Amino acid sequence: MLEVQEAKKPFVRKLLRWGRANQRDFPWRHERDPFRVLVAEVLLQRSRGVTVAKVYEQLFGRWPDAAALAAADVEAIRDVIRPLGLTRRAEQLQKLASQVVGLGGVPRSAEDMLRFSGVGRYAASATASAVFQQRQPTVDGTSARVYRRYFGLHGDRDAQVDDEVWELVAAAMPSVGTREWNWAVLDLAAQICLPKVPRCPECPLQTDCFVGRSRTLVSETPKT
């Protein structure tokens with residue numbers, strides 16, 4: 001495993017530069033309404049961004065705020081989010097909206113957001129980072145892949161996001177610009193650091209990445 005502080009500088013510098021040039025465009029990335037961003041993060045759980053983007057636009061085109069969504073018919077919500085495949089989220093979304101209305105808005109604290117229906121650690125941290133510009137580590141199975149590979153943390157276990165990974169992310173992320181940083185990690189995982197066949201030669205981190213360097217050494221080893 002790479003030493004975090006020693007490997008952090010090139011990790012941050014190169015990935016932020018790559019992220020600015022290759023950032024994916026999603027509607028919630030232009031949004032400053034914490035409720036809408038929080039809903040997007042809930043919808044993104046086990047769903048692709050491209051699919052969520054279409055549902056997101058339809059959902060808020062029909063119910064523009066928490067009050068409207070709280071008063072909506074659950075079956076109507078279910079019809080809109082059906083393309084995501086997890087229609088039980090309709091009840092979660094309505095309950096979340098009702099809780100936000102009752103509280104008078106979305107709190108700034110990620111910890112407080114965890115009290116809402118269907119909101120987990122990642123969704124709360126991602127919302128606090130994106131809307132309130134807080135230095136919040138955000139890690140799920142996708143972004144964890146980048147951290148695990150770069151630092152060589154216990155191989156390449158995509159699905160496992162434990163406290164060790166969260167601690168690593170908190171130590172490795174920059175002190176400023178964390179919203180753009182969190183997006184850059186996700187975008188790299190989606191476009192280059194793929195699950196089964198990572199495109200290491202195209203990765204801006206290859207020469208510094210634990211796995212990237214290992215793959216380079218293997219490919220350069222002459223056959224006897």
Side-chain angles (χ1 to χ4, degrees), residues 1-26 28-29 41 44-46 48-50 110 120-130 132-224:
M1 177 178 171
L2 299 179
E3 202 283 321
V4 174
Q5 293 306 316
E6 180 181 338
K8 177 178 175 177
K9 280 189 177 181
F11 188 39
V12 170
R13 184 182 69 254
K14 293 181 179 181
L15 188 51
L16 281 175
R17 185 170 59 227
W18 179 89
R20 285 191 291 269
N22 297 274
Q23 186 178 109
R24 292 179 296 170
D25 187 29
F26 294 120
W28 50 87
R29 290 189 176 182
E41 295 299 343
L44 283 164
Q45 296 169 22
R46 290 191 290 168
R48 295 178 64 248
V50 174
R121 188 176 182 181
Y122 177 86
S125 296
T127 301
S129 168
F132 301 123
Q133 296 286 314
Q134 295 176 12
R135 187 183 185 275
Q136 288 283 347
T138 61
V139 54
D140 60 1
T142 301
S143 57
R145 181 167 67 244
V146 175
Y147 290 100
R148 285 193 177 281
R149 287 176 175 172
Y150 185 87
F151 290 100
L153 182 63
H154 298 314
D156 192 15
R157 299 175 299 168
D158 272 7
Q160 300 196 25
V161 183
D162 50 27
D163 288 341
E164 186 178 21
V165 180
W166 280 92
E167 291 170 6
L168 173 67
V169 174
M173 67 190 302
S175 56
V176 295
T178 53
R179 176 179 63 188
E180 289 72 21
W181 166 262
N182 288 326
W183 292 343
V185 174
L186 286 172
D187 292 345
L188 188 80
Q191 299 176 62
I192 291 180
C193 196
L194 304 176
K196 295 182 179 179
V197 186
R199 296 158 59 182
C200 293
E202 301 173 44
C203 181
L205 306 175
Q206 183 182 16
T207 57
D208 306 288
C209 173
F210 184 91
V211 169
R213 290 191 302 190
S214 299
R215 288 170 63 90
T216 300
L217 289 173
V218 170
S219 65
E220 292 178 351
T221 301
K223 297 181 180 180
T224 57

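All heavy atoms count here, side chains included; hydrogens, waters and symmetry mates do not. Everything numeric here is computed off the predicted structure, so don't read it as measured data.
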- Item | Residue list, salt bridge (Lys or Arg N to Asp or Glu O under 4.0 Å) with Glu202, at least two apart or on another chain | Arg199
Please name the pair of heavy atoms, one in [X] and one in [Y], separated by the smallest distance, quoted to 0.1 Å.
X	Y	value
Cys200	Gly212	SG-CA, 4.3 Å
Arg135	Pro174	NE-O, 3.1 Å
Glu3	Gln5	OE1-N, 3.1 Å
Arg149	Cys209	O-SG, 3.4 Å

Side chain to side chain donor-acceptor pair (under 3.5 Å) against [X], all qualifying residues, sequence neighbours excluded:
X	result
Thr138	Asn182
Trp181	Tyr147
Asp163	none
Glu180	none

- By side chain to side chain contact (heavy atoms under 4.5 Å, CB included), Gln23 pairs with (sequence neighbours left out) Arg29, Trp183, Asp187
Output side-chain donor-acceptor pairs under 3.5 Å for residues 166-173, partner residues at least two apart or in another chain, one line each.
none

- ring pair (Phe, Tyr, Trp, His ring centres under 6.0 Å) partners of Phe132, counting only residues at least two apart: none
- Listed by chain and number, what are the ring pair (Phe, Tyr, Trp, His ring centres under 6.0 Å) partners of Tyr150, not counting sequence neighbours? Phe11
Acceptor/donor pairs from residues 12-20 side chains to any protein atom, 3.5 angstrom cut, sequence neighbours excluded:
residue	atom	partner	partner atom	Å
Lys14	NZ	Thr207	OG1	3.4
Lys14	NZ	Asp208	OD2	2.5

- Task: Scan residues 184-204 for pairs that pass ring-ring contact (aromatic ring centres under 6.0 Å, His included), counting only residues two or more places apart or in two chains.
- Result: none
- Report yes or no: does Ser129 contribute a side-chain atom to a donor-acceptor pair with the main-chain N or O of Ser125 at less than 3.5 Å? no
- Can any side-chain N or O of Arg148 pair as donor or acceptor with the backbone N or O of Leu153 at less than 3.5 Å? yes
